[in-house]
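In what follows, a structure is listed as structure tokens, so that the remarks can point back to it.
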Amino acid sequence: MIVIPGDDSPTLHVVDSGLTDGPAVVFAHALGSDLTMWDALLVHMPDSLRLIRMDMRGHGQSPCPDGPYPMGDLVGDAARVLDRLHVRDCVFVGQSIGGMIAQGLAAERLDLVRGLVVANTAVKIATPAIWADRIAAVRAAGIDPMVEPTMDRWFARATRRDQPELVDAARARLRATALTGYLGCMEAIAGTDLYESTARLRLPTLAIAGSEDGSTPADLVRETAGLIPGAQFHLLRGTGHMGPAEKPQDFAHILTGFLDGLGHI
């Protein structure tokens, strides 16, 4: 466990594990989660990799500066982590808002990224009006009323029935998220449309969607993949918005195949 100090930006909590000089794979988590959402996935990844996870600002063990958080600041946080760790040519894996950060990073700092994995995400998620309503509701009543509807969107029905401990862990992470951090990142998503910059990307890309995702439906993820020439698309059946947690072995198999195709193992 390390921290990446900031100058005018917040100090970030980062876990750098695996083979120190191995090919780097970097993970950015979903809104209302933290870097532990990748724990079950990482045990299925090859031992030859360097695995870097970060808590975005306002989440996990990273500090919670006053919001709102422009998407450019979140992208800048990711770039700062990689610069401080002397990482170049990584494969960047982003989930949900983490996938938006991944797209922004590839557009702005191609020296840092050789391959992109965007899971359960899009160039634009919902509409500003929808987000305004959600933000107003959270400001008025806090995160707690959002928890159960979020679990319904995040996890497939079978997961909620058969793996209650998994849903309980995600529920606890969401409830533990700082209100300011949650609102700040909601505002970042609300103000983001990456269509033009993502359509200009020309790097190996894998997009992964969940068949029962209630937050970013599979067709939305497929449309995002379609903007990048040559991008691969994979539908992870029987999962909602949190495929890396719901079916970590299957997700790892898909991800490892992509890395192998790049010679990044």
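What's counted below: heavy atoms across the whole structure, side chains too, no hydrogens, waters or symmetry copies. Since the structure is predicted, the reported quantities are computational estimates derived from the model, not experimental observations.
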With rounding to the nearest 0.5 Å, note down the distance linking [atom1] in [X] to [atom2] in [Y].
{"X": "Met56", "Y": "Met54", "atom1": "CE", "atom2": "CE", "value": "9.5 Å"}
{"X": "Gln95", "Y": "Asn120", "atom1": "CD", "atom2": "CG", "value": "4.5 Å"}
{"X": "Leu183", "Y": "Thr177", "atom1": "CG", "atom2": "OG1", "value": "11.0 Å"}
{"X": "Leu42", "Y": "Leu35", "atom1": "CG", "atom2": "CG", "value": "9.5 Å"}

Quick one: salt bridge (Lys or Arg N to Asp or Glu O under 4.0 Å) pairs with a partner in [range], sequence neighbours left out?
{"range": "residues 58-71", "value": "none"}
{"range": "residues 177-187", "value": "Arg139-Glu187"}
{"range": "residues 105-131", "value": "Asp83-Arg109, Arg88-Asp111, Arg109-Asp111"}

- Do you know which two heavy atoms are closest between Ala78 and Ile101, and how far apart they sit?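 Answer, listing the atom of Ala78 first, then Ile101: CB-CG2, 4.0 Å.
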- SB check Arg50 Asp16 (cutoff 4.0 Å):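 Yes, this pair counts.
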Run the salt bridge (charged side-chain N to carboxylate O under 4.0 Å, His left out) test against [X] and tell me which residues pass, sequence neighbours left out.
{"X": "Asp219", "value": "none"}
{"X": "Asp77", "value": "Arg57, Arg80"}
{"X": "Asp39", "value": "Arg53"}
{"X": "Arg160", "value": "Asp152"}

- Item | Under the ring-ring contact (aromatic ring centres under 6.0 Å, His included) test, residues paired with Tyr69 that sit two or more places apart |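 For Tyr69 there are no ring-ring contact (aromatic ring centres under 6.0 Å, His included) partners, ignoring immediate neighbours.
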- Report, as yes or no, whether the 6.0 Å neighbourhood of atom CG on Asp47 holds more than 12 heavy atoms from other residues, nucleotides or ligands.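 For Asp47, atom CG is not crowded (no more than 12 foreign heavy atoms under 6.0 Å).
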- For Arg157, does the CZ atom sit with more than 12 other heavy atoms under 6.0 Å from it, leaving out its own atoms?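 Open.
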- Task: Taking Ser197 for its side chain and Leu194 for its backbone only, find out whether a donor-acceptor pair lies under 3.5 Å.
- Result: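 The answer is yes, because a donor-acceptor pair under 3.5 Å joins these two groups.
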- Is there a donor-acceptor pair closer than 3.5 Å between any side-chain N or O of His59 and the backbone N or O of Gly32?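 It does hold such a pair.
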- Residues which pass side chain to side chain contact (heavy atoms under 4.5 Å, CB included) with Ala106, listed by chain and number, not counting sequence neighbours: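 Listed in chain order: Leu116, Leu201, Leu203.
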- Could I get the full list of side chain to side chain contact (heavy atoms under 4.5 Å, CB included) partners for Glu223, not counting sequence neighbours?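 Here the qualifying residues are Leu220.
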- Does the side chain of His241 come under 3.5 Å of the side chain of Ser96 through a donor N or O and an acceptor N or O?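 Judged by distance alone, the side chains do pair up.
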- Using distance alone, with no hydrogens and no angle criterion, decide if Gln61 and Asp55 have a side-chain donor and acceptor under 3.5 Å apart.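 The criterion, which ignores hydrogens and geometry beyond distance, is not satisfied for Asp55 and Gln61.
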List the atom pairs, donor and acceptor, that lie under 3.5 Å between side-chain atoms in residues 245-252 and the rest of the protein, sequence neighbours left out.
from   : atom 1 : to     : atom 2 : distance (Å)
Glu246 : OE1    : Gly240 : N      : 2.6
Glu246 : OE2    : Ala156 : N      : 3.0
Glu246 : OE2    : Thr159 : OG1    : 2.6
Lys247 : NZ     : Arg237 : O      : 3.0

- Please identify each residue that fulfils side-chain hydrogen bond (donor to acceptor under 3.5 Å, both in side chains) with Glu148, with sequence neighbours left out.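 Once residues adjacent in sequence are excluded, the partners of Glu148 under the side-chain hydrogen bond (donor to acceptor under 3.5 Å, both in side chains) criterion are Arg171.
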